[in-house]
Amino acid sequence: MKIITIHNHTLPVFDRQLIASLPASGPRYTSYPTADRFDSSWSEQDYISALATKQENTPNKALSLYIHIPFCNTICYYCGCNKIITKDKARADTYIQYLERELGLLAPHLKGRRQLAQLHFGGGTPTFLNDDQIERVFAMISKHFTLIPTGEYSIEIDPRKVSRDTVFHLGKLGFNRMSVGIQDFDPKVQQAVNRIQTETETREVIEAAREAGFKSISVDLIYGLPQQSLKSIKPTIETVLSLDPDRLALYHYAHLPHIFKPQRRIDTDAVPDSEEKLDILQYAVQTLTARGYEFIGMDHFAKPTDELTIALHEGRLQRNFQGYSTHADCDLIAIGVSSIGKIGSIYAQNEKDIDAYYAALDANRLPIMRGYQLTQDDILRRQIIQDLMCRFSLDFSEYQEQFGIQFEEYFEQELQDLNQMAQLGLLHLDTGSLTVSPKGRFLIRNIAMIFDYHLRHRETKVRYSQTV
(Lines give C-alpha, C1' and ligand atoms only; values in the text may rest on other atoms or scores of the structure.)
Protein backbone atom coordinates (compact mmCIF):
# COMPACT_ATOMS: atom_id res chain seq x y z
CA MET A 1 0.00 0.00 0.00
CA LYS A 2 1.25 3.49 -0.80
CA ILE A 3 2.36 5.49 2.23
CA ILE A 4 0.49 8.79 2.61
CA THR A 5 1.82 11.63 4.74
CA ILE A 6 -0.28 14.35 6.38
CA HIS A 7 1.56 17.12 8.25
CA ASN A 8 4.68 14.94 8.13
CA HIS A 9 2.80 12.11 9.80
CA THR A 10 2.40 8.73 8.17
CA LEU A 11 -1.01 7.11 8.08
CA PRO A 12 -1.24 3.62 9.56
CA VAL A 13 -1.52 0.54 7.36
CA PHE A 14 -3.85 -2.25 8.48
CA ASP A 15 -1.88 -5.36 7.54
CA ARG A 16 -4.42 -8.02 8.38
CA GLN A 17 -2.13 -10.96 7.67
CA LEU A 18 0.59 -9.56 9.92
CA ILE A 19 -1.85 -8.76 12.74
CA ALA A 20 -3.33 -12.26 12.57
CA SER A 21 0.13 -13.83 12.62
CA LEU A 22 1.09 -12.10 15.87
CA PRO A 23 -1.68 -12.92 18.34
CA ALA A 24 -0.72 -11.70 21.78
CA SER A 25 -2.05 -10.24 24.98
CA GLY A 26 -0.28 -7.48 26.81
CA PRO A 27 -0.54 -4.34 28.97
CA ARG A 28 -2.13 -1.11 27.76
CA TYR A 29 0.73 0.78 29.45
CA THR A 30 -1.28 3.45 31.18
CA SER A 31 1.60 3.02 33.62
CA TYR A 32 4.98 1.33 33.69
CA PRO A 33 5.51 -0.83 35.61
CA THR A 34 1.95 -2.10 35.35
CA ALA A 35 -0.33 -2.22 38.41
CA ASP A 36 0.15 -5.97 38.92
CA ARG A 37 3.73 -5.17 40.02
CA PHE A 38 2.57 -2.93 42.88
CA ASP A 39 3.68 -3.98 46.38
CA SER A 40 1.18 -4.53 49.21
CA SER A 41 3.82 -3.63 51.82
CA TRP A 42 3.38 0.00 50.85
CA SER A 43 1.88 2.32 53.46
CA GLU A 44 0.35 5.73 54.02
CA GLN A 45 3.72 7.01 55.21
CA ASP A 46 5.42 6.05 51.93
CA TYR A 47 2.87 8.12 50.05
CA ILE A 48 3.19 11.08 52.42
CA SER A 49 6.98 11.00 52.05
CA ALA A 50 6.64 11.08 48.25
CA LEU A 51 4.27 14.07 48.49
CA ALA A 52 6.73 15.88 50.76
CA THR A 53 9.62 15.30 48.36
CA LYS A 54 7.65 16.59 45.37
CA GLN A 55 6.38 19.58 47.37
CA GLU A 56 9.96 20.49 48.20
CA ASN A 57 11.19 20.13 44.62
CA THR A 58 8.24 21.49 42.61
CA PRO A 59 5.98 23.44 45.01
CA ASN A 60 4.08 25.39 42.35
CA LYS A 61 3.65 22.82 39.60
CA ALA A 62 0.06 22.18 38.50
CA LEU A 63 -1.47 18.84 39.43
CA SER A 64 -3.86 16.33 37.93
CA LEU A 65 -6.80 14.98 39.97
CA TYR A 66 -8.71 11.74 39.45
CA ILE A 67 -11.91 10.95 41.34
CA HIS A 68 -13.37 7.45 41.18
CA ILE A 69 -17.15 7.12 41.47
CA PRO A 70 -17.84 3.36 41.76
CA PHE A 71 -21.65 3.29 41.55
CA CYS A 72 -23.80 2.08 38.64
CA ASN A 73 -27.59 1.75 38.40
CA THR A 74 -27.37 -1.45 36.36
CA ILE A 75 -24.66 -3.90 35.44
CA CYS A 76 -23.17 -4.09 31.94
CA TYR A 77 -22.10 -7.70 31.49
CA TYR A 78 -18.89 -6.87 29.59
CA CYS A 79 -17.54 -4.53 32.28
CA GLY A 80 -14.33 -5.27 34.18
CA CYS A 81 -14.24 -2.02 36.19
CA ASN A 82 -14.34 -1.68 39.96
CA LYS A 83 -18.02 -0.90 40.56
CA ILE A 84 -20.96 -1.17 42.96
CA ILE A 85 -24.41 -1.87 41.51
CA THR A 86 -27.15 0.02 43.39
CA LYS A 87 -30.07 2.37 42.84
CA ASP A 88 -29.73 3.89 46.33
CA LYS A 89 -28.48 7.49 45.92
CA ALA A 90 -27.96 7.71 49.68
CA ARG A 91 -24.94 5.45 49.30
CA ALA A 92 -23.36 8.18 47.19
CA ASP A 93 -23.95 10.72 50.01
CA THR A 94 -21.97 8.48 52.35
CA TYR A 95 -19.24 8.00 49.75
CA ILE A 96 -18.88 11.76 49.19
CA GLN A 97 -18.38 12.23 52.93
CA TYR A 98 -15.44 9.86 52.73
CA LEU A 99 -14.06 11.59 49.62
CA GLU A 100 -14.12 14.84 51.61
CA ARG A 101 -12.34 13.10 54.48
CA GLU A 102 -9.67 11.68 52.16
CA LEU A 103 -8.99 15.02 50.52
CA GLY A 104 -8.91 16.62 53.97
CA LEU A 105 -6.16 14.19 55.02
CA LEU A 106 -4.22 14.94 51.84
CA ALA A 107 -4.58 18.74 52.06
CA PRO A 108 -1.79 19.41 54.62
CA HIS A 109 0.67 17.61 52.33
CA LEU A 110 -0.35 19.65 49.25
CA LYS A 111 0.55 22.93 51.00
CA GLY A 112 -2.21 25.27 49.91
CA ARG A 113 -4.57 25.45 46.93
CA ARG A 114 -2.71 23.95 43.98
CA GLN A 115 -3.56 24.60 40.34
CA LEU A 116 -5.34 21.78 38.51
CA ALA A 117 -4.19 21.19 34.95
CA GLN A 118 -6.37 18.11 34.60
CA LEU A 119 -9.45 16.69 36.33
CA HIS A 120 -11.19 13.41 35.53
CA PHE A 121 -14.30 11.82 37.02
CA GLY A 122 -14.22 8.08 36.27
CA GLY A 123 -16.26 5.08 37.27
CA GLY A 124 -18.41 3.16 37.64
CA THR A 125 -20.77 5.83 36.41
CA PRO A 126 -19.89 9.35 37.62
CA THR A 127 -23.32 10.60 36.58
CA PHE A 128 -24.87 8.16 39.07
CA LEU A 129 -24.49 11.24 41.28
CA ASN A 130 -27.37 13.72 41.05
CA ASP A 131 -26.76 17.41 40.36
CA ASP A 132 -26.54 18.35 44.05
CA GLN A 133 -24.08 15.56 44.78
CA ILE A 134 -21.85 16.52 41.85
CA GLU A 135 -21.95 20.14 43.01
CA ARG A 136 -20.90 19.03 46.47
CA VAL A 137 -17.90 17.17 45.05
CA PHE A 138 -16.98 20.23 42.97
CA ALA A 139 -17.18 22.45 46.05
CA MET A 140 -14.76 20.06 47.74
CA ILE A 141 -12.41 20.33 44.75
CA SER A 142 -12.62 24.14 44.72
CA LYS A 143 -11.73 24.24 48.41
CA HIS A 144 -8.39 22.57 47.78
CA PHE A 145 -7.57 23.34 44.12
CA THR A 146 -7.76 26.14 41.56
CA LEU A 147 -9.08 25.45 38.06
CA ILE A 148 -7.17 27.17 35.25
CA PRO A 149 -8.36 28.39 31.79
CA THR A 150 -6.15 25.90 29.93
CA GLY A 151 -7.14 22.91 32.07
CA GLU A 152 -8.71 19.67 30.85
CA TYR A 153 -11.70 18.81 33.02
CA SER A 154 -13.47 15.65 31.90
CA ILE A 155 -16.25 13.33 33.02
CA GLU A 156 -17.46 9.93 31.82
CA ILE A 157 -21.14 9.98 30.85
CA ASP A 158 -23.82 7.29 30.63
CA PRO A 159 -26.41 8.90 28.28
CA ARG A 160 -29.16 6.70 29.68
CA LYS A 161 -29.05 8.53 33.01
CA VAL A 162 -28.27 12.13 32.04
CA SER A 163 -30.68 14.94 31.18
CA ARG A 164 -29.98 17.97 29.05
CA ASP A 165 -30.19 20.14 32.19
CA THR A 166 -27.54 18.01 33.90
CA VAL A 167 -25.17 18.45 30.96
CA PHE A 168 -25.54 22.25 31.21
CA HIS A 169 -25.04 22.00 34.96
CA LEU A 170 -21.78 20.09 34.41
CA GLY A 171 -20.61 22.79 31.99
CA LYS A 172 -21.35 25.57 34.49
CA LEU A 173 -19.39 23.75 37.19
CA GLY A 174 -16.31 23.70 34.96
CA PHE A 175 -16.28 20.43 33.01
CA ASN A 176 -15.13 21.05 29.42
CA ARG A 177 -14.57 17.52 28.10
CA MET A 178 -16.90 14.55 28.02
CA SER A 179 -16.52 10.84 27.32
CA VAL A 180 -19.77 9.19 26.24
CA GLY A 181 -20.19 5.44 26.55
CA ILE A 182 -21.94 3.82 23.56
CA GLN A 183 -20.30 0.41 22.92
CA ASP A 184 -22.83 -0.61 20.21
CA PHE A 185 -26.23 0.60 18.95
CA ASP A 186 -27.40 -2.79 17.67
CA PRO A 187 -30.40 -3.98 19.77
CA LYS A 188 -29.26 -7.64 19.82
CA VAL A 189 -25.81 -6.68 21.07
CA GLN A 190 -27.27 -4.31 23.66
CA GLN A 191 -29.58 -7.06 24.90
CA ALA A 192 -26.68 -9.53 25.12
CA VAL A 193 -24.61 -7.19 27.31
CA ASN A 194 -27.53 -5.71 29.30
CA ARG A 195 -26.99 -2.14 28.11
CA ILE A 196 -30.08 -0.80 26.32
CA GLN A 197 -29.29 2.66 24.98
CA THR A 198 -31.07 4.57 22.20
CA GLU A 199 -29.57 6.77 19.54
CA THR A 200 -31.97 9.55 20.56
CA GLU A 201 -30.83 9.82 24.18
CA THR A 202 -27.18 9.60 23.10
CA ARG A 203 -27.62 12.33 20.48
CA GLU A 204 -29.43 14.60 22.95
CA VAL A 205 -26.55 14.40 25.43
CA ILE A 206 -23.90 15.13 22.78
CA GLU A 207 -25.85 18.03 21.29
CA ALA A 208 -26.42 19.47 24.77
CA ALA A 209 -22.67 19.23 25.48
CA ARG A 210 -21.89 21.22 22.35
CA GLU A 211 -24.44 23.88 23.26
CA ALA A 212 -23.01 24.01 26.78
CA GLY A 213 -19.54 24.76 25.37
CA PHE A 214 -17.71 21.49 25.95
CA LYS A 215 -14.41 21.64 24.03
CA SER A 216 -14.12 17.95 23.20
CA ILE A 217 -16.57 15.05 23.07
CA SER A 218 -15.29 11.49 22.92
CA VAL A 219 -17.29 8.30 22.38
CA ASP A 220 -16.41 4.74 23.32
CA LEU A 221 -17.16 1.68 21.21
CA ILE A 222 -16.27 -1.96 21.85
CA TYR A 223 -15.63 -4.58 19.18
CA GLY A 224 -15.86 -8.31 19.87
CA LEU A 225 -19.08 -8.15 21.90
CA PRO A 226 -21.59 -11.03 21.80
CA GLN A 227 -23.95 -11.01 18.78
CA GLN A 228 -21.68 -8.52 17.01
CA SER A 229 -20.71 -9.06 13.36
CA LEU A 230 -19.29 -7.12 10.44
CA LYS A 231 -22.83 -6.68 9.12
CA SER A 232 -24.20 -5.49 12.46
CA ILE A 233 -21.39 -3.01 13.17
CA LYS A 234 -21.84 -0.99 9.97
CA PRO A 235 -25.04 0.84 11.03
CA THR A 236 -23.47 1.56 14.43
CA ILE A 237 -20.41 3.14 12.81
CA GLU A 238 -22.61 5.26 10.54
CA THR A 239 -24.72 6.41 13.47
CA VAL A 240 -21.62 7.29 15.49
CA LEU A 241 -20.17 9.27 12.58
CA SER A 242 -23.44 11.18 12.30
CA LEU A 243 -22.93 12.22 15.95
CA ASP A 244 -19.65 13.83 14.81
CA PRO A 245 -17.53 13.18 17.95
CA ASP A 246 -14.13 14.86 18.30
CA ARG A 247 -12.52 11.63 19.50
CA LEU A 248 -13.41 7.98 19.24
CA ALA A 249 -12.07 4.95 21.10
CA LEU A 250 -12.55 1.47 19.67
CA TYR A 251 -11.76 -0.99 22.47
CA HIS A 252 -11.26 -4.73 22.09
CA TYR A 253 -13.58 -6.74 24.32
CA ALA A 254 -11.60 -9.09 26.55
CA HIS A 255 -13.81 -12.07 27.42
CA LEU A 256 -12.37 -13.22 30.75
CA PRO A 257 -15.33 -14.65 32.70
CA HIS A 258 -13.02 -16.43 35.14
CA ILE A 259 -11.75 -12.99 36.25
CA PHE A 260 -14.80 -10.75 35.79
CA LYS A 261 -17.94 -12.34 37.24
CA PRO A 262 -20.48 -10.25 35.23
CA GLN A 263 -19.07 -11.76 32.03
CA ARG A 264 -20.32 -15.16 33.13
CA ARG A 265 -23.77 -13.97 32.04
CA ILE A 266 -22.51 -13.67 28.47
CA ASP A 267 -23.01 -16.59 26.09
CA THR A 268 -19.45 -17.43 25.06
CA ASP A 269 -20.71 -19.01 21.83
CA ALA A 270 -22.20 -15.63 20.83
CA VAL A 271 -18.82 -13.87 21.04
CA PRO A 272 -17.40 -13.40 17.51
CA ASP A 273 -14.33 -15.43 16.59
CA SER A 274 -10.93 -13.93 15.79
CA GLU A 275 -11.62 -13.64 12.05
CA GLU A 276 -14.90 -11.82 12.60
CA LYS A 277 -13.30 -9.46 15.10
CA LEU A 278 -10.56 -8.61 12.63
CA ASP A 279 -13.26 -8.00 9.97
CA ILE A 280 -14.98 -5.56 12.33
CA LEU A 281 -11.75 -3.79 13.29
CA GLN A 282 -10.53 -3.52 9.71
CA TYR A 283 -13.82 -2.06 8.53
CA ALA A 284 -13.94 0.42 11.42
CA VAL A 285 -10.36 1.59 10.89
CA GLN A 286 -10.79 2.02 7.14
CA THR A 287 -14.11 3.84 7.56
CA LEU A 288 -12.91 6.20 10.28
CA THR A 289 -9.72 7.17 8.44
CA ALA A 290 -11.65 7.60 5.19
CA ARG A 291 -14.00 10.00 6.99
CA GLY A 292 -11.18 12.20 8.20
CA TYR A 293 -10.29 10.82 11.63
CA GLU A 294 -6.61 10.36 12.42
CA PHE A 295 -5.19 7.33 14.20
CA ILE A 296 -3.72 8.55 17.50
CA GLY A 297 -2.46 5.22 18.75
CA MET A 298 -3.60 1.78 19.93
CA ASP A 299 -7.38 2.11 19.55
CA HIS A 300 -7.93 5.89 19.55
CA PHE A 301 -8.94 8.20 16.72
CA ALA A 302 -9.45 11.97 16.65
CA LYS A 303 -10.28 14.77 14.26
CA PRO A 304 -7.29 16.64 12.77
CA THR A 305 -8.26 19.73 14.79
CA ASP A 306 -8.46 17.91 18.13
CA GLU A 307 -5.87 18.64 20.82
CA LEU A 308 -4.69 15.02 20.85
CA THR A 309 -3.98 15.04 17.12
CA ILE A 310 -2.15 18.35 17.35
CA ALA A 311 -0.13 17.06 20.31
CA LEU A 312 0.74 13.91 18.33
CA HIS A 313 2.05 15.92 15.38
CA GLU A 314 4.01 18.26 17.67
CA GLY A 315 5.52 15.42 19.71
CA ARG A 316 3.71 16.46 22.91
CA LEU A 317 1.32 13.52 23.25
CA GLN A 318 1.42 11.78 26.63
CA ARG A 319 -0.17 8.75 28.23
CA ASN A 320 -1.48 8.24 31.78
CA PHE A 321 -4.03 6.19 33.71
CA GLN A 322 -6.89 7.85 31.81
CA GLY A 323 -5.30 7.11 28.42
CA TYR A 324 -3.88 9.57 25.90
CA SER A 325 -3.49 13.13 27.15
CA THR A 326 -1.59 16.38 26.76
CA HIS A 327 -0.96 16.74 30.52
CA ALA A 328 0.40 13.33 31.57
CA ASP A 329 3.64 14.82 32.95
CA CYS A 330 1.63 16.21 35.89
CA ASP A 331 1.69 14.47 39.24
CA LEU A 332 -1.65 12.70 39.69
CA ILE A 333 -3.59 12.86 42.94
CA ALA A 334 -6.20 10.08 42.92
CA ILE A 335 -9.02 9.77 45.45
CA GLY A 336 -11.81 7.27 45.91
CA VAL A 337 -11.93 3.51 46.17
CA SER A 338 -9.36 1.62 43.99
CA SER A 339 -7.96 4.82 42.41
CA ILE A 340 -4.28 4.97 41.41
CA GLY A 341 -2.11 8.09 41.76
CA LYS A 342 1.39 8.99 40.54
CA ILE A 343 3.75 11.26 42.47
CA GLY A 344 7.16 11.59 40.87
CA SER A 345 8.68 8.12 40.76
CA ILE A 346 6.02 6.39 42.87
CA TYR A 347 2.57 4.91 42.27
CA ALA A 348 0.00 4.47 45.03
CA GLN A 349 -3.35 2.66 44.87
CA ASN A 350 -6.26 2.96 47.29
CA GLU A 351 -8.15 0.06 48.83
CA LYS A 352 -10.28 -1.76 46.24
CA ASP A 353 -12.91 -2.87 48.75
CA ILE A 354 -15.34 -0.13 49.79
CA ASP A 355 -15.49 -1.28 53.43
CA ALA A 356 -11.69 -1.37 53.71
CA TYR A 357 -11.58 2.09 52.11
CA TYR A 358 -14.06 3.44 54.67
CA ALA A 359 -12.30 1.71 57.58
CA ALA A 360 -8.97 3.34 56.76
CA LEU A 361 -10.52 6.81 56.66
CA ASP A 362 -12.46 6.12 59.86
CA ALA A 363 -9.04 5.51 61.43
CA ASN A 364 -7.88 8.88 60.06
CA ARG A 365 -5.36 7.41 57.68
CA LEU A 366 -5.04 7.52 53.91
CA PRO A 367 -6.52 4.32 52.39
CA ILE A 368 -3.35 3.17 50.61
CA MET A 369 -3.53 -0.53 49.72
CA ARG A 370 -0.35 -0.95 47.68
CA GLY A 371 2.23 1.03 45.74
CA TYR A 372 5.50 1.00 43.87
CA GLN A 373 8.80 2.91 43.93
CA LEU A 374 10.33 3.07 40.46
CA THR A 375 14.01 2.27 40.06
CA GLN A 376 16.22 4.19 37.63
CA ASP A 377 15.81 1.28 35.19
CA ASP A 378 12.01 1.56 35.54
CA ILE A 379 12.13 5.30 34.83
CA LEU A 380 14.27 4.72 31.73
CA ARG A 381 11.95 2.01 30.41
CA ARG A 382 8.85 4.03 31.28
CA GLN A 383 10.12 6.89 29.14
CA ILE A 384 10.98 4.57 26.24
CA ILE A 385 7.54 2.90 26.34
CA GLN A 386 5.85 6.30 26.59
CA ASP A 387 7.77 7.53 23.53
CA LEU A 388 6.86 4.42 21.55
CA MET A 389 3.17 4.68 22.44
CA CYS A 390 2.97 8.43 21.80
CA ARG A 391 5.58 9.20 19.09
CA PHE A 392 6.17 5.85 17.38
CA SER A 393 9.93 6.43 17.38
CA LEU A 394 13.04 6.42 19.57
CA ASP A 395 16.24 8.47 19.35
CA PHE A 396 18.79 6.42 21.26
CA SER A 397 21.02 9.45 22.00
CA GLU A 398 18.30 11.05 24.13
CA TYR A 399 18.37 8.16 26.61
CA GLN A 400 22.15 7.91 26.50
CA GLU A 401 22.50 11.58 27.48
CA GLN A 402 19.77 11.56 30.12
CA PHE A 403 20.55 8.22 31.77
CA GLY A 404 24.26 7.82 31.07
CA ILE A 405 23.98 4.51 29.22
CA GLN A 406 25.16 3.03 25.95
CA PHE A 407 21.80 2.15 24.41
CA GLU A 408 22.99 -0.73 22.23
CA GLU A 409 24.81 -2.34 25.16
CA TYR A 410 22.09 -1.74 27.77
CA PHE A 411 19.36 -3.10 25.52
CA GLU A 412 21.35 -5.76 23.70
CA GLN A 413 18.71 -8.46 24.26
CA GLU A 414 15.85 -6.13 23.37
CA LEU A 415 17.53 -5.10 20.13
CA GLN A 416 17.76 -8.74 19.06
CA ASP A 417 13.98 -9.03 19.45
CA LEU A 418 13.49 -5.70 17.70
CA ASN A 419 15.52 -6.97 14.75
CA GLN A 420 13.04 -9.82 14.37
CA MET A 421 10.19 -7.31 14.35
CA ALA A 422 12.08 -5.24 11.77
CA GLN A 423 12.27 -8.32 9.53
CA LEU A 424 8.47 -8.61 9.82
CA GLY A 425 8.11 -4.99 8.75
CA LEU A 426 6.82 -3.60 12.06
CA LEU A 427 9.65 -1.10 12.47
CA HIS A 428 12.83 0.30 10.97
CA LEU A 429 16.12 0.14 12.90
CA ASP A 430 18.85 2.57 11.90
CA THR A 431 22.08 3.49 13.61
CA GLY A 432 20.92 5.26 16.75
CA SER A 433 17.17 5.26 16.12
CA LEU A 434 13.98 3.25 15.79
CA THR A 435 10.90 4.19 13.77
CA VAL A 436 7.65 2.25 13.91
CA SER A 437 6.38 1.48 10.38
CA PRO A 438 2.84 2.31 9.22
CA LYS A 439 1.86 -1.36 9.60
CA GLY A 440 3.54 -1.56 13.02
CA ARG A 441 1.46 1.23 14.55
CA PHE A 442 -1.49 -1.10 15.15
CA LEU A 443 0.88 -3.45 16.99
CA ILE A 444 2.58 -0.80 19.12
CA ARG A 445 1.80 -2.70 22.33
CA ASN A 446 3.71 -5.72 20.99
CA ILE A 447 6.71 -3.48 20.29
CA ALA A 448 6.51 -1.72 23.68
CA MET A 449 6.37 -5.08 25.47
CA ILE A 450 9.93 -5.81 24.34
CA PHE A 451 11.17 -3.10 26.73
CA ASP A 452 9.06 -4.37 29.66
CA TYR A 453 11.64 -5.84 32.05
CA HIS A 454 9.00 -7.11 34.47
CA LEU A 455 7.09 -8.88 31.71
CA ARG A 456 10.29 -10.59 30.54
CA HIS A 457 11.18 -11.79 34.04
CA ARG A 458 7.74 -12.52 35.45
CA GLU A 459 7.55 -15.81 37.32
CA THR A 460 3.76 -16.08 37.23
CA LYS A 461 1.43 -15.50 34.30
CA VAL A 462 -0.91 -12.48 34.31
CA ARG A 463 -3.88 -12.22 31.99
CA TYR A 464 -3.98 -9.10 29.81
CA SER A 465 -6.29 -8.03 27.01
CA GLN A 466 -5.49 -8.81 23.35
CA THR A 467 -3.12 -6.28 21.84
CA VAL A 468 -5.36 -6.04 18.73
Side-chain angles (χ1 to χ4, degrees), residues 1-30 32 249-250 252 278 281-282 285-286 288-289 293-302 308-319 323-325 328 380-400 407-408 410-411 413-453 455-456 464-468:
M1 180 180 290
K2 183 181 179 181
I3 294 176
I4 306 171
T5 301
I6 297 179
H7 302 302
N8 296 320
H9 213 79
T10 307
L11 290 175
V13 172
F14 192 93
D15 188 327
R16 183 185 178 118
Q17 186 175 354
L18 178 61
I19 292 171
S21 72
L22 291 171
S25 60
R28 295 184 61 82
Y29 291 116
T30 52
Y32 177 83
L250 184 65
H252 178 268
L278 275 180
L281 178 61
Q282 183 172 10
V285 168
Q286 291 174 344
L288 291 172
T289 52
Y293 285 85
E294 293 198 32
F295 179 65
I296 299 299
M298 284 180 51
D299 34 33
H300 285 65
F301 299 80
L308 287 185
T309 309
I310 294 169
L312 174 67
H313 293 328
E314 295 179 353
R316 297 184 293 103
L317 191 65
Q318 302 286 330
R319 190 159 173 78
Y324 285 106
S325 169
L380 165 61
R381 292 172 185 273
R382 177 172 72 176
Q383 185 167 326
I384 287 172
I385 289 172
Q386 174 101 185
D387 289 342
L388 282 170
M389 303 289 282
C390 298
R391 305 187 221 319
F392 300 108
S393 64
L394 301 177
D395 181 342
F396 300 167
S397 65
E398 292 181 4
Y399 313 103
Q400 292 177 171
F407 194 96
E408 286 84 354
Y410 197 96
F411 293 111
Q413 185 178 359
E414 287 82 355
L415 284 167
Q416 291 175 10
D417 293 342
L418 290 169
N419 268 309
Q420 293 179 17
M421 287 200 163
Q423 291 172 20
L424 293 171
L426 275 76
L427 53 90
H428 304 290
L429 275 173
D430 295 316
T431 304
S433 68
L434 178 159
T435 304
V436 178
S437 70
K439 65 174 66 176
R441 290 180 62 188
F442 282 108
L443 293 157
I444 192 62
R445 287 164 70 183
N446 298 66
I447 298 171
M449 285 161 60
I450 288 176
F451 288 95
D452 189 332
Y453 178 89
L455 197 62
R456 281 177 172 272
Y464 297 107
S465 62
Q466 289 290 111
T467 54
V468 178

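- Going from atom CD of Glu414 over to atom CG of Leu434 covers 12.0 Å, rounded to the nearest 0.5 Å.
- Contact annotation: the side chain of Leu380 never approaches that of Tyr453 to less than 4.5 Å [non-hydrogen atoms, C-beta and beyond].
- To the nearest 0.5 Å, the span separating CZ on Arg316 from CD1 on Ile310 amounts to 7.5 Å.
- Under the salt bridge (charged side-chain N to carboxylate O under 4.0 Å, His left out) criterion, Asp395 pairs with no residue, sequence neighbours left out.
- Going from atom CE of Met298 over to atom CD1 of Ile444 covers 10.0 Å, rounded to the nearest 0.5 Å.
- With rounding to the nearest 0.5 angstrom, the CE atom of Met389 is 10.0 Å from the CG atom of Leu317.
- Here Arg382 pairs with nothing under the salt bridge (charged side-chain N to carboxylate O under 4.0 Å, His left out) rule; sequence neighbours left out.
- Considering every non-hydrogen atom in both Lys439 and Leu424, the closest pair reads CD-O, 4.3 Å.
- Although no hydrogens or angles enter the test, the distance criterion places no donor-acceptor pair under 3.5 Å between the side chain of Glu294 and the main chain of Thr309.
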Full working for side chain to side chain contact (heavy atoms under 4.5 Å, CB included) between Leu308 and His300: CA-CA 10 Å; Leu308 287 185; His300 285 65; 5.5 Å; no
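- Taking CG of Leu250 as the reference point, atom CG of Leu281 lies at 6.0 Å (rounded to 0.5 Å).
- Residues that satisfy the side-chain hydrogen bond (donor to acceptor under 3.5 Å, both in side chains) test with Gln17, not counting sequence neighbours, are absent from this structure.
- Rounded to the nearest 0.5 angstrom, Leu388 CG and Leu394 CG are separated by 4.0 Å.
- Pairs of residues two or more places apart, or lying in two chains, that qualify as side-chain hydrogen bond (donor to acceptor under 3.5 Å, both in side chains) and include a residue from residues 417-438 are Asp417-Arg456.
- For Ile447 against Leu426, the heavy-atom pair with the smallest separation is CD1-O, 4.0 Å.
- Residues Leu427 and Phe392 are not in side-chain contact: their nearest non-hydrogen atoms beyond the backbone lie 4.5 Å or more apart.
- Closest approach of Phe442 and Val13 over heavy atoms only: CD1-O, 3.6 Å.
- Between Asp452 and Arg381 the shortest side-chain heavy-atom distance does not fall below 4.5 Å.
- Looking only at side-chain heavy atoms (C-beta outward), Gln386 and Tyr32 stay at 4.5 Å or farther from each other.
- Residues Phe396 and Ile384 form no side-chain contact, since every pair of their non-hydrogen atoms from C-beta on lies 4.5 Å or further apart.
- A pairwise comparison of heavy atoms in Ile450 and Met421 identifies CD1-SD, 3.6 Å as the closest pair.
- Under the rule for a ring pair (Phe, Tyr, Trp, His ring centres under 6.0 Å), Tyr410 has no partner lying at least two apart in sequence or in another chain.
- A search for side-chain hydrogen bond (donor to acceptor under 3.5 Å, both in side chains) contacts involving Arg16 returns Glu275, Asp279, Gln282, not counting sequence neighbours.
- For Arg319 and Tyr324, the positive end sits near the middle of the six-membered ring, less than 6.0 Å away and at most 45° from its axis.
- When atom types are taken as modelled, the side chain of Arg441 and the backbone of Phe295 share a donor-acceptor pair closer than 3.5 angstrom.
- The two residues Arg445 and Pro27 come nearest to each other via the heavy atoms NE-O, 3.0 Å.
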Full working for side chain to side chain contact (heavy atoms under 4.5 Å, CB included) between Leu443 and Val436: CA-CA 9 Å; Leu443 293 157; Val436 178; over 6 Å; no
Pair Ile19-Phe14, side chain to side chain contact (heavy atoms under 4.5 Å, CB included): steps then yes or no: CA-CA 8 Å; Ile19 292 171; Phe14 192 93; 3.8 Å; yes
